[in-house]
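Down below is the structure, laid out as structure tokens.
Every chain is numbered from 1, with letters handed out A, B, ... down the list of sequences.
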Amino acid sequence: MTSRLENIKQQRREKLERLRNQGVDPYPHRYQRSHTTAEARELLTREEAGDTQAEEVSVAGRISAIRRMGKSSFADISDSSGKIQLLFQGSGFDEKLRNLLKDLDIGDVIGVRGGLLRTKSGEPTVQVSDFTLLAKSLQPLPEKWHGLSDTETRYRQRYLDLIANPEVKQAFKIRSQVISAIRQFLNERGFLEVETPVLQPSAGGALAQPFTTHHQALDRDLYLRIALELHLKRLIVGGFDKVYELGRTFRNEGISTQHNPEFTMLESYEAYADYQDVMAMLEEMVSQVSRQVLGTTEARFGEDTIDFKPPWQRLSLRDAVREHSGIDFAKYPTAETLGTEMRSRNIEVDQDKNWAKLVDELLKTFVRPKLIQPTFVIDYPVSMSPLAKSKPGEERTVERFQAFAGGMEIANAYTELNDPIEQRERFTEQLKERRGEDEERWTIDEDFLLALEYGMPPTGGLGVGIDRLVMLLTNQPSIREVILFPQLKEKGE
RNA sequence: GGGCCGCUAGCUCAACUGGCAGAGCAGCUGACUCUUAAUCAGCAGGUUACAGGUUCGACUCCUGUGCGGCUCACCA
């Protein structure tokens, strides 16, 4: 009946009671530490070099190992900067501390004070003169050597993953640095960071399924945003010439190694720029972020090494598809002819896909997996891109690019369509395609069109999938490895 | 949603063709004053994800369910 876990938990609770009876507060309010563990190690090096006088330090962290050796004991504690060894020499403490030492467990959080020394084997160590319990742990931690490898537990109890697997912590530190480097890059270029609504009466700017929610007081359904685009362009109309937003977007679609229902997107809009300018900015931004965070523009990704150094290769969509699939889609201008051509090459083709979707399928199936080094695929058919502006003299083609690296789409950008009349036509066209589906959900954003009618300057827009960019820079094969709490099904009782 | 794979002690993993569920770590007791995957002696700990079925006998075979992973579909 009593499992090991029950035993352990009971033992820990007994220890907790024992400590309380001895007047020890197992959960005190604060602790004054003088150094992080990394700073303490660095201080020792300087002391040894004679650069500074020996001094006492106080450090705090979670106990990750205890090695009891009779009269003296070693322990390791770790904080967010790293870990350091502790040496307790039992005779040095009064009875209360000796008892406390006995009842310490792996997992407890403690604060210690003492001088720094290096052991025979060269390990930087705090020789503890005084210590305090800061939080008693009542649960056993994962095993110290193999860490925690069960994927499900790693995601559901990410805190355990972070405690047990230091490299996981590292990936999320990099994520944070990437985001901060992006902000720095854009701020330095005069972009204004803004925040726009997550809750929207209609979800526009992309064609994904939105999440639905309900506002009680207003008694109306609202949607979680699927893109940032339409609001940011309103701000361009309003006279903010360079804006960006870094934020969560939500798509009610399938979950995969490259898709999480909520994910982080960067969108930026720059007045008076076109997609060529945006291309130059993106390759500059990504390479600079990589240099800043990794110290190099080269990133290891699985079997490959990706070099983000500009300029990235530029390839027209038509050439890209022709090269990798052998099909020149320009020769098959309708869904029927293109579909027939694809079927004749043994490509499975969904009957009700329109022409744009077929082209997109060719791109995803044949081209995208081949694009390991950063590549701009440019000049998309207008029917795939309702918010992008046509190329001068080429009505069927728009000034748009998608950036690929590591076989993933990481960015999408275009010269924004700012002709309100044409924009309305494109929306209407799109709505026709959608007819038969959930009618109410797909409405035209009239206020956005109204904004365009006031006049939007020529604008270059950009969307970057931050999670995927972080995957590339941290060499992670799954988006769940760069999202702290990825979406999982609820576990039944 | 489809296909394939997985789920055994708190953690990491064994268990042959269907024949007594086992080890290391963690835990407990004891020894040990420079250990670092400490060591040594002993102890304890299991609804083999869940529900059925086949069988003298099921961790093992079959059916279903749950959760996870990969993949396909979906995702302009």
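The stretch residues 94-106 of chain A comes close to RNA chain B through A:Asp105, A:Ile106, each having a heavy atom under 4.0 Å from the strand.
Residues A:His35 and A:Ala40 share a closest heavy-atom pair of CB-N, 4.0 Å.
Taking the six-membered ring for Trp and the full ring otherwise, the centers of A:Tyr275 and A:Tyr414 sit at least 6.0 Å from each other.
Under the side-chain hydrogen bond (donor to acceptor under 3.5 Å, both in side chains) criterion, A:Glu42 pairs with no residue at all, not counting sequence neighbours. With sequence neighbours excluded, the residues satisfying ring pair (Phe, Tyr, Trp, His ring centres under 6.0 Å) with A:Phe93 are A:Phe131. Applying the side-chain hydrogen bond (donor to acceptor under 3.5 Å, both in side chains) rule to A:Glu394 yields no partners; only residues at least two apart in sequence or on another chain are considered. Residues meeting the ring pair (Phe, Tyr, Trp, His ring centres under 6.0 Å) test with A:Phe329, sequence neighbours left out: A:Trp355. Qualifying salt bridge (charged side-chain N to carboxylate O under 4.0 Å, His left out) partners for A:Arg251, counting only residues two or more places apart in sequence or in other chains: none. In this view, A:Arg156 and A:Glu152 satisfy the side-chain hydrogen bond (donor to acceptor under 3.5 Å, both in side chains) rule, not counting sequence neighbours. For A:His324, there are no side-chain hydrogen bond (donor to acceptor under 3.5 Å, both in side chains) partners at least two apart in sequence or on another chain.
A salt bridge links A:Arg12 with A:Asp105: the closest approach of a Lys/Arg side-chain nitrogen to an acidic carboxylate oxygen falls below 4.0 angstrom.
Under 4.0 angstrom from either OP1 or OP2 of B:rA76 there lies no side-chain N or O belonging to A:Arg400. Side-chain nitrogen and oxygen atoms of A:Arg67 include none within less than 4.0 Å of the OP1 or OP2 phosphate oxygen of B:rU33. The side chain of A:Thr257 places no N or O atom within less than 4.0 Å of a non-bridging phosphate oxygen (OP1 or OP2) of B:rG69. Between A:Lys15 and B:rG27, a side-chain N or O to OP1/OP2 separation shorter than 4.0 Å is absent. Distances shown here put every side-chain N or O of A:Lys357 at or beyond 4.0 Å from the OP1 or OP2 atom of B:rA76.
Annotated stems with RNA chain B as a participant read B:1-7 with B:66-72, B:10-13 with B:22-25, B:27-31 with B:39-43, B:49-53 with B:61-65, given as range with range, by first number; only runs of 3 or more Watson-Crick or G-U pairs under 3.5 Å qualify.
Of the N and O atoms on the side chains of A:Glu245 and A:Thr196, at least one donor lies less than 3.5 Å from an acceptor on the other residue. Between the side chains of A:Gln402 and A:Glu409, at least one donor-acceptor pair of N or O atoms lies under 3.5 Å.
The same atom, C1', is picked in B:rA58 and in B:rU17; the two are 14 Å apart, to the nearest Å. Nucleotides B:rG64 and B:rC5 are separated by 13 Å at their P atoms, to the nearest Å. Of the P atoms belonging to B:rA73 and B:rG3, the separation is 15 Å, rounded to the nearest Å. Spacing between B:rU48 and B:rU60 at atom P, rounded to whole Å, works out to 10 Å. Look at the P atom in both B:rU35 and B:rU71: the space between them is 47 Å, to the nearest Å. Of the C1' atoms belonging to B:rU12 and B:rC4, the separation is 25 Å, rounded to the nearest Å.
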Legend entry - Protein proximity profile, nucleotides 6-12 of chain B - base contact B, sugar-phosphate-only contact S, no contact -, cut-off 4.0 Å on heavy atoms: ---BBBS
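In this structure, A:Arg400 satisfies the cation-pi test against A:Tyr380, with its NZ or CZ atom closer than 6.0 Å to the six-membered ring centre and inside 45 degrees of the ring normal.
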Got a list of protein N/O to nucleotides 29-32 of chain B N/O distances below 3.5 Å?
unit_1 : atom_1 : unit_2  : atom_2 : d
B:rC32 : N3     : A:Gly70 : N      : 3.0
B:rC32 : N4     : A:Gly70 : N      : 3.3

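In terms of position on RNA chain B, the residue among A:Leu87 and A:Leu488 whose nearest nucleotide sits closer to the 5' end is A:Leu87. Comparing A:Gln11 and A:Arg156 by the nucleotide of RNA chain B that holds the closest heavy atom to each, the one mapping nearer the 5' end is A:Gln11.
At distances below 3.5 Å, not a single donor-acceptor pair connects side-chain atoms of A:Ser385 with backbone N or O atoms of A:Ala388.
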Could you list the donor-acceptor pairs under 3.5 angstrom formed between side-chain atoms of residues 363-371 of chain A and any protein atom two or more places apart in sequence or on another chain?
unit_1   : atom_1 : unit_2   : atom_2 : d
A:Lys364 : NZ     : A:Asp360 : OD2    : 2.9
A:Thr365 : OG1    : A:Glu361 : O      : 2.5

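Note on A:Lys83: nothing from the nucleic acid sits closer than 4.0 angstrom, heavy atoms only. A:Lys489 comes within 4.0 angstrom of the backbone, heavy atoms only, and of no base. Looking at heavy-atom distances under 4.0 Å, A:Arg154 makes no contact with the nucleic acid at all. Contacts of A:Tyr380 with the nucleic acid, taken as non-hydrogen atoms under 4.0 Å apart, are absent.
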